[in-house]
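Let me begin by presenting the structure, written as structure tokens, before commenting on it.
Naming convention: chains lettered A, B, ... in sequence-line order (proteins, then strands); numbering from 1 in each chain.
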Protein chains: 2
Amino acid sequence: MSVRTDGRKARGERRRQEIIAATLRVIERDGVAGVTHRTVAKEAGIPTASTTYHFATLDDLLIATLISCARDMATEVYWMIDRARSREGLRRSSELSSGPSAADEVSVLLAEALGPRRGRTMAEYELYLLASRRPALRPAARRWLDVLTSMVRHDDEVAFRVFLAGIDGLLIQGLIDDEPPTADELRPVVEYLLKPR
Amino acid sequence: MSVRTDGRKARGERRRQEIIAATLRVIERDGVAGVTHRTVAKEAGIPTASTTYHFATLDDLLIATLISCARDMATEVYWMIDRARSREGLRRSSELSSGPSAADEVSVLLAEALGPRRGRTMAEYELYLLASRRPALRPAARRWLDVLTSMVRHDDEVAFRVFLAGIDGLLIQGLIDDEPPTADELRPVVEYLLKPR
DNA sequence: AGTAAACTTGGACGATAGTTCAGGTAGTGT
DNA sequence: ACACTACCTGAACTATCGTCCAAGTTTACT
């Protein structure tokens, strides 16, 4: 029974995922303000009523998008960390897990987030900020941080919180630059941020 | 002539300022999404057509609000710094201008921004994020940072950028907490952020 | 006083929004 | 084959949106 039920649900689930993906594209292009049942439906190439069938209200749609977005980012970060660790091998670090090469990697990642992936970064922060206004969205938004916290090995809790805050700040400030900052411009700041006290 | 001309403009200017103030209140309460000509007009207690007369489009209204908001914050920070300096007197600091008492002051300020002034903080970041999407808003948003940079004495450019980014990150992350963090909870992080390398 | 400009405002127009619903289709279980 | 449920969708309803305009009022200057 469970197989059949899953099979039946799969059809609707696929449609749901298409709608969520289309919503994210709309947010990347036009912001949360551009999200309407009609724009999302047009982006997904489906009739308008289909979005209202799967998501009763616009808030439900935004919640689902935020959750999906947070999950994507979590898996992305997971592989990033996994890759970095295997590359460093068993490099012995006397202090934190962060060495100079970590600063390089983070700088490149930030530059990408503010350059080619700028739209996505804006979308994420718009959803993040939306969560501050809708309590229903907050657990999903907090998972953003929780996943990072649980994945990254951090000996010093305070230092790690400072690191996360610094990354957020650099991203937000980078979003209002006319020209996105390069990894080289970012590196000194990131290095200072990672430097242990 | 200039006096009379100013006098004539003063009437419209007052109305303009009322509209901008009402817009900010609306953003604090309902977010940028809640800003319409009608909601702003109702908040200000004036007819709808009055807002369209003084601000041809909604974007003009948001731009003006962002600029006004940035100016308010600049003067506020100016007096905050002035007060802090006069309080510390000529305390000799061997390293940066930031000592332990500075961490106290910043922590309290952050706790206020996330507690009683939470609505205002959300409004500021929504406008800030809006600027990332509308190039016309960016200069005003950048002034936010420029004013701080020009006002605060900073021997170490990189350290100061890290400090600003950290503050931004702490504020944004604090906005999705169900209970706003207290100054005591914030202090360790702020102290670490201010600690010179 | 008279004129021009700035200001104010009630009302209206077309466009678009969220949401609803009746009717149709496609799979599932018996 | 049959009923059942989930899924899908075209069309429509009402509300609200941005914007505009014509007519009235106030103010500044000659």
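Contact check, B/Y53 against C/dC7: a side-chain N or O comes under 4.0 Å of OP1 or OP2. For D/dT9, the OP1/OP2 oxygens have a side-chain nitrogen or oxygen of A/R15 closer than 4.0 Å. Applying the 4.0 Å criterion to OP1 and OP2 of D/dG10, one finds that A/R38 has every side-chain N and O outside that range.
Spacing between atom NE2 of A/H37 and atom P of D/dT9 amounts to 15 Å, rounded to whole angstrom units. Distance A/E18 CD to D/dT9 P: 10 Å, rounded to the nearest Å. Following rounding to the nearest Å, B/E13 (CD) and D/dT27 (C1') show an atom-to-atom distance of 16 Å. Going from atom CD1 of B/I19 over to atom C1' of C/dC7 covers 11 Å, rounded to whole Å. Taking atom CG on A/D30 and atom P on C/dT16, their separation rounds to 14 Å, with Å as the unit. Regarding A/I46, its CD1 atom lies at a distance of 14 Å from the P atom of D/dC7, rounded to whole Å.
Looking at heavy-atom distances under 4.0 Å, B/T36 makes contact with sugar-phosphate atoms alone, never a base.
Remark: A/E43 engages A/R25, A/R29 in a salt bridge (Lys or Arg N to Asp or Glu O under 4.0 Å) (not counting sequence neighbours). For A/R143, there are no salt bridge (Lys or Arg N to Asp or Glu O under 4.0 Å) partners at least two apart in sequence or on another chain. A/D146 meets the salt bridge (Lys or Arg N to Asp or Glu O under 4.0 Å) test with no other residue; sequence neighbours excluded.
DNA chain D lies under 4.0 Å from at least one heavy atom of each of the following residues of residues 56-67 of chain B: B/A56, B/T57, B/L58.
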Under 3.5 Å, sequence neighbours excluded: what are the donor-acceptor pairs made by side chains of residues 113-124 of chain B?
| unit_1 | atom_1 | unit_2 | atom_2 | d |
| --- | --- | --- | --- | --- |
| B/R118 | NH1 | B/L175 | O | 3.1 |
| B/R118 | NH2 | A/S132 | O | 2.6 |
| B/R118 | NH2 | B/L175 | O | 3.3 |
| B/R120 | NE | B/E124 | OE2 | 3.2 |
| B/T121 | OG1 | B/A113 | O | 2.6 |
| B/T121 | OG1 | B/R117 | O | 3.1 |

Residues 159-168 of chain B side chain polar contacts: donor-acceptor under 3.5 Å, at least two apart:
| unit_1 | atom_1 | unit_2 | atom_2 | d |
| --- | --- | --- | --- | --- |
| B/D168 | OD1 | B/Y125 | OH | 2.3 |
| B/D168 | OD2 | A/Q173 | NE2 | 2.9 |

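Closest approach to the B/H54 side chain among D/dA12, D/dC8, C/dT8 is made by C/dT8 (side chain taken as heavy atoms from C-beta onward).
A donor atom on one side chain and an acceptor atom on the other are not found under 3.5 Å apart for A/S68 and A/T65.
Nearest-nucleotide positions on DNA chain D place A/T52 closer to the 5' end than the other of B/V35 and A/T52.
Using a distance-only test at 3.5 Å, with no hydrogens or angles considered, a donor-acceptor pair links the side chain of B/E185 to the main chain of B/T182.
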